[in-house]
Participant: 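I am attaching a structure below and will ask some questions about it afterwards.
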Amino acid sequence: MTSFESLPQVRYEGPQSTNPLAYRHYDAKERVMGKTLEQHLRLAVCYWHTFVWPGSDVFGQPTFARPWHVPGDELTLARRKADAAFSLISRLGVPFYTFHDTDVAPEGASLADYRSNLSAMVDVLAQKQQETGIALLWGTANLFSHPRYAAGAASNPDPEVFAYAATQVFSALNATHRLGGANYVMWGGREGYDTLLNTDLRRERRQLGRFMQMVVEQKHKIGFQGQLLIEPKPLEPTKHQYDYDSATVYGFLKDFGLEHEIKLNIEANHATLAGHSFQHELATAASLGIFGSVDANRGDPQNGWDTDQFPNSVEDLTLAMYEILRAGGIGSGGFNFDAKVRRQSMDPVDILHGHVGAIDALALALKSAARLIESRELEKFVQQRYANWDGELGRRILAGDMNLSQLAEHAFVNDFRPTPASGRQEWLENRVNAAIFAGAA
């Protein structure tokens, strides 16, 4: 018996429910724009924050007393953790989960231990998936926690560290494939630098590019049909990370011929750490054709680090959902809750509260964004704003029919005197609020 088995089953009870452990807006089977909420959101619970983190921080000891956070046989404890994970995810009614390799299996003292332990736990996870119907949204490898990765994994100055990291990714990708994962994520937690005084930027970029090419080659070799995803983040734990933001990663992918092979997993808190909004990063990735999936969370605006709190701003999420729906939806990606309860939220039920509130916020935001899409008010305004580019002059400029001197002469001869037009930002923001308020009534 684990402390998670006494938690209640979470169900949809509607907007009038006063039950704090019921969904008020997330009815998995409700249809919006031709798909159910479950199909739109493809929700996932992450292993690392939810079941691995013991509640410690850099100033304090663990505050959680989970039944697997005790001394003992590591594989036995890993199985106990898997029991609790699938029990809690089932209670939430969430269809997917995500993991790092070392979240689910003990790393051991050698690569032989690592491979053996991961293989054993993949058998356990496969059985759990079959029993519960819960599927794997994505897997990944932890290439940042162990001291060997202090100077990076693929960007490390030691090629043996590069090879060790390659072994983990090889194993984690194969495990994801075997478990039917829809995606495989690569987050370069320590692919960056703390000081340029000991860093060869050109060399490290080349190493990282070759590493990604090798992952793509392995994907095709084993027949993995899922998406490969990079997760941008500007900093932390390093001072500067090479996968800074969506635009930076796109330039990197183009440089190594990978722009058609790898897409992006956009995290809200990483976007704000880069000085962007969540909406901006989604819109940028979509405009470049590399949007793939979402890590759903938020940061604290007063803190300059990755706080990984549960998302609860319907306004921010509506703007994000609007970009996702405009891009055609989440596809084979999903909304993974890369979020954790606060260190003082020690009881297992707090995990339910965090997920229930976030899921309802996502559902309400999706329905609000759908109203914006269906009304076409924002779309029509933007189309009208750029309408002149569809005229003769705009078409000739973009088609390359005029060079700079010809265009300058054309403007002079025709005595161009353009006048500015209102951007109507306040009205547009009011339309967003109107869509939100219509669903909150």
Side-chain angles (χ1 to χ4, degrees), residues 44 46-48 98-104 118 136-146 148-149 152-156 161-177 179 181-192 204-222 224-238 240-267 270-271 274 281 285 288 290-295 306 332-334 336 338:
C46 81
Y47 230 88
W48 52 100
T98 58
F99 68 76
H100 297 85
D101 52 354
T102 55
D103 295 336
V104 297
L118 184 59
L136 179 62
L137 183 65
W138 52 258
T140 188
N142 182 331
L143 306 181
F144 48 88
S145 292
H146 194 280
R148 78 174 69 87
Y149 297 126
S155 59
N156 198 282
V161 175
F162 184 106
Y164 203 110
T167 304
Q168 279 192 245
V169 172
F170 171 86
S171 300
L173 179 58
N174 287 343
T176 300
H177 182 39
L179 291 169
N183 309 271
Y184 183 84
V185 169
M186 295 169 284
W187 175 61
R190 296 192 188 273
E191 311 295 12
E204 292 198 0
R205 183 180 178 86
R206 182 183 176 191
Q207 290 173 207
L208 190 56
R210 181 59 193 136
F211 193 93
M212 296 302 173
Q213 290 171 338
M214 294 169 74
V215 176
V216 169
E217 292 162 3
Q218 179 66 11
K219 168 193 170 172
H220 293 305
K221 181 178 179 180
I222 65 176
F224 178 59
Q225 298 300 310
Q227 297 182 123
L228 294 179
L229 304 170
I230 286 177
E231 184 174 316
K233 188 179 183 183
L235 49 84
E236 189 198 20
T238 61
H240 173 85
Q241 284 187 204
Y242 299 137
D243 53 359
Y244 193 92
D245 60 7
S246 294
T248 302
V249 174
Y250 182 72
F252 169 83
L253 295 176
K254 288 281 287 185
D255 196 16
F256 290 94
L258 298 170
E259 69 272 21
H260 301 301
E261 296 283 359
I262 299 175
K263 295 188 176 182
L264 300 188
N265 183 51
I266 303 297
E267 178 175 320
H270 294 181
E281 281 293 87
L288 296 170
I290 55 172
F291 169 63
S293 194
V294 167
D295 266 11
D306 199 7
S332 61
N336 171 55
D338 188 0

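All values below come from the heavy atoms of this structure, side chains included, with hydrogens, waters and symmetry mates left out. Everything quoted here is computed from the prediction, not taken from an experiment.
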Participant: For Tyr149 and Gln168, which I'm curious about, is there any donor-acceptor pair between the side chains at under 3.5 Å?
Facilitator: yes
Participant: Which atom names give the shortest non-hydrogen contact between Trp138 and Val185, and what distance separates them?
Facilitator: CD2-CG2, 3.3 Å
Participant: Might you confirm whether atom CZ of Arg206 has over 12 heavy atoms from other residues, nucleotides or ligands at distances under 6.0 Å?
Facilitator: no
Participant: Excluding sequence neighbours, so at least two apart, what forms side-chain contact (heavy atoms from CB on, under 4.5 Å) with Asn156?
Facilitator: Ala151, Asp158, Val161
Participant: Quick one: does Tyr242's side chain get under 4.5 Å of Glu204's, heavy atoms only?
Facilitator: yes
Participant: If I compare all heavy atoms of Gly189 with all of Pro237, which pair ends up nearest, and what's the gap?
Facilitator: O-CD, 2.9 Å
Participant: Salt bridge (Lys or Arg N to Asp or Glu O under 4.0 Å) with Lys263: which residues, sequence neighbours excluded?
Facilitator: none
Participant: Begin from the C-alpha positions of Leu143 and Val169 and carry the test side chain to side chain contact (heavy atoms under 4.5 Å, CB included) through to its verdict.
Facilitator: CA-CA 9 Å; Leu143 306 181; Val169 172; 3.8 Å; yes
Participant: Output, in order, the C-alpha distance, side-chain angles, deciding distance and verdict of side chain to side chain contact (heavy atoms under 4.5 Å, CB included) for His270 and Asp295.
Facilitator: CA-CA 9 Å; His270 294 181; Asp295 266 11; 5.9 Å; no
Participant: Just by modelled atom types, is the Gly334 backbone N or O under 3.5 Å from a matching donor or acceptor in the Ser293 side chain?
Facilitator: yes
Participant: How long is the straight-line distance from CG of Leu173 back to NZ of Lys221, given to the nearest 0.5 Å?
Facilitator: 11.5 Å
Participant: Please report the shortest heavy-atom distance between Ala172 and Leu118, naming the atom on each side.
Facilitator: N-CD2, 4.3 Å
Participant: Salt bridge check, Glu191 against Lys233: does any charged N sit closer than 4.0 Å to a carboxylate O?
Facilitator: no
Participant: How close do Gly152 and Ser155 get, heavy atom to heavy atom, and via which atoms?
Facilitator: CA-OG, 4.0 Å
Participant: Please confirm whether the backbone N or O of Ile230 pairs with a side-chain atom of Asn265, one donor and one acceptor, at under 3.5 Å?
Facilitator: no
Participant: Please find the pair of heavy atoms, one from Ile266 and one from Ala285, that lie closest to each other, and give the distance.
Facilitator: CD1-CB, 4.2 Å
Participant: If you round to the nearest 0.5 Å, how far is CG of Leu137 from OH of Tyr184?
Facilitator: 14.0 Å
Participant: Using a distance-only test with no angle check, is there a side-chain donor-acceptor pair under 3.5 angstrom linking Asn336 and Thr98?
Facilitator: yes
Participant: Could you check whether Thr248 and Asp245, counting side-chain N and O atoms only, form a donor-acceptor pair closer than 3.5 Å?
Facilitator: yes
Participant: Name all residues meeting the salt bridge (Lys or Arg N to Asp or Glu O under 4.0 Å) criterion together with Asp243; count only those two or more places apart in sequence or in a different chain, and write none if there are none.
Facilitator: none
Participant: I need the single residue from Thr140, Asp103, Asp338, Thr102 that forms a side chain to side chain donor-acceptor pair (under 3.5 Å) with Trp48. Which is it?
Facilitator: Asp338
Participant: Strictly distance-based, threshold 3.5 Å: is any side-chain N or O of Gln241 a donor or acceptor partner for the main-chain N or O of Gly188?
Facilitator: yes
Participant: Mind checking the CZ-CZ spacing from Arg205 to Phe252? Nearest 0.5 Å is all I need.
Facilitator: 6.5 Å
Participant: Is any side-chain heavy atom of Met212 closer than 4.5 Å to a side-chain heavy atom of Val216?
Facilitator: no
Participant: In Å, rounded to the nearest 0.5 Å, how long is the span from CG of Leu228 to CD of Gln218?
Facilitator: 10.5 Å
Participant: Sequence neighbours excluded, which residues qualify as ring-ring contact (aromatic ring centres under 6.0 Å, His included) partners of Phe144?
Facilitator: His100, Trp187
Participant: Residues in ring-ring contact (aromatic ring centres under 6.0 Å, His included) with Phe211, at least two apart?
Facilitator: Phe162
Participant: With rounding to the nearest 0.5 angstrom, report the CG to CD distance, Leu264 to Gln227.
Facilitator: 10.0 Å
Participant: What pair of heavy atoms forms the shortest contact from Asp101 to Ala141, and how long is it?
Facilitator: OD1-CA, 3.5 Å
Participant: With sequence neighbours excluded, tell me which residues meet ring-ring contact (aromatic ring centres under 6.0 Å, His included) with His240.
Facilitator: Tyr193, Tyr244
Participant: To the nearest 0.5 Å, what is the distance between NE2 on His177 and NZ on Lys219?
Facilitator: 11.0 Å
Participant: Closer than 3.5 angstrom, by distance alone: can the side chain of Glu259 be matched with the main-chain N or O of Tyr250 as a donor-acceptor pair?
Facilitator: no
Participant: Can you confirm whether more than 12 heavy atoms, excluding those of Gln225, are under 6.0 Å from its CD atom?
Facilitator: no
